[in-house]
Amino acid sequence: MRRRVFSMAAVSSMECVKSVKGVILDMCGVLYDSGEGGGHPIHGSVQAVKRLMDSGLIVRFCTNETQNTREKFVQKLQRMGFDINVSHVFSPAPALIHILRERGLKPHLLVHDDLLPEFDAVDGSSANCVVIGDAAENFSYHNLNEAFRVLIGLEKPLLFSLGRGRYYKETDGLKLDVGVFMKALEYACDIEAEVVGKPAPGFFQSVLSDMKLQPHEVVMIGDDLVNDVGGAQFCGMKGVQVRTGKFRPSDDNHPHVKADACADNLAAAVDAILTQRSVNN
Ligand SMILES: *[C@@H]1O[C@H](CO)[C@@H](O)[C@H](O)[C@H]1NC(C)=O
Ligand SMILES: *[C@@H]1O[C@H](CO)[C@@H](O)[C@H](O)[C@H]1NC(C)=O
Ligand SMILES: *[C@@H]1O[C@H](CO)[C@@H](O)[C@H](O)[C@H]1NC(C)=O
Ligand SMILES: [Mg+2]
């Protein structure tokens, strides 16, 4: 039998995923690379996702995408060849809507226009909190000031942020991310925002509860050592890092986060997990 294994550490720790019943996949940098025309699939990932789903493992997807609805985002991946069901994709906006419902909150929204449909069913009249996402061009002085006025007018200002990134890269250069504008509102109102999305434990827990699995039964595969791997490990899951996307060799010497295993790419990680499974079954 051909053994395609990555490193000694990977082999030994993959042995401890023998009881694994589910896999959570990060999307950008694992399934595809973003770029011109929306991006392209990473070599072998389309097939790897299919094999994982055919194996009987419970598979969910987890992204921090907040510029688009899940439907649009999933359509983009389907065009790349991925067979993905929208209901299996977890992104910050639906997780936040769940929180708003649970706590009976009505949001004032400062988000990208393309994300607004996610909030169609949410009552935004007489807002008692503010939600900020990556609004890009819609981060105007006017819109930020409106959000500020709503916040400062509340007895107890409550701000939710869809992620807390500083900046990200697009084909035409670096862009300020939502965290920068979140900080501005925090500063103005002397408050601290509640961040929804990776690596917030509540975000991962909402995925686990949908999978109906315990954390130790699930492995998270991501390219982001801190947010994917570290975030999952904090919740009691195993974390596997792939050497694609934003992976950097210096990740291997990170002072706080150590992946349970590493793989060259998703295809190699799936090979290892399925091999482990067949050994144990
Ligand atoms: C997507 O998943 C949901 C819930 O698991 C299921 O009801 C639905 O039929 C699925 N849709 C497709 C196209 O597979
Ligand atoms: C958001 O930006 C777009 C493009 O600049 C603009 O057409 C739209 O009116 C803006 N929406 C809001 C709510 O500011
Ligand atoms: C989302 O993920 C992308 C790609 O992994 C990253 O560049 C960006 O900073 C992240 N954004 C947030 C808000 O976490
Ligand atoms: Mg990623």
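In this chain, residues are counted from 1 in sequence order. Order of appearance sets the numbers: ligands from 1, and atoms from 1 within every ligand. Bear in mind that the values here come from a model prediction, so they are computed numbers and not experimental data.
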Notebook entry, point to check: Under 6.0 Å from the NZ atom of Lys50, do we count more than 12 heavy atoms belonging to anything else shown?
Noted result: no
Notebook entry, point to check: Which atoms of ligand 1 are found less than 4.0 Å from any heavy atom of Asn85?
Noted result: 1 (C), 2 (O), 3 (C), 8 (C), 10 (C), 11 (N), 12 (C), 14 (O)
Margin query: Tell me whether Phe82 at atom CZ has more than 12 heavy atoms from other residues, nucleotides or ligands lying less than 6.0 Å away.
Written below: yes
Note to self: Is it the case that over 12 heavy atoms from other parts of the model lie below 6.0 angstrom from the CG atom of Asp120?
What the structure shows: yes
Next item on the list: Would you mind naming the N, O or S atom of Asp223 nearest to the Mg ion (ligand 4)?
Entry: OD1
Next item on the list: Answer yes or no: does atom CG of Asp190 have more than 12 heavy-atom neighbours from other residues, nucleotides or ligands under 6.0 Å?
Entry: no
Margin query: Lys246 and side chain to side chain donor-acceptor pair (under 3.5 Å): which single residue from Asn227, Asp251, Asp224, Asp228 fits?
Written below: Asp224
Next item on the list: Identify whether the distance between the nearest side-chain nitrogen and carboxylate oxygen of Arg51 and Asp271 falls below 4.0 Å.
Entry: yes
Item checked: Student check: side-chain heavy atoms of Phe247 and Val242 closer than 4.5 Å -> no
Item checked: Considering only N, O or S atoms of Asp26, the one closest to the Mg ion (ligand 4) -> OD2
Check: Under a 4.0 Å heavy-atom cut-off, what residues line ligand 2?
Finding: Asp113, Asn138, Asn143
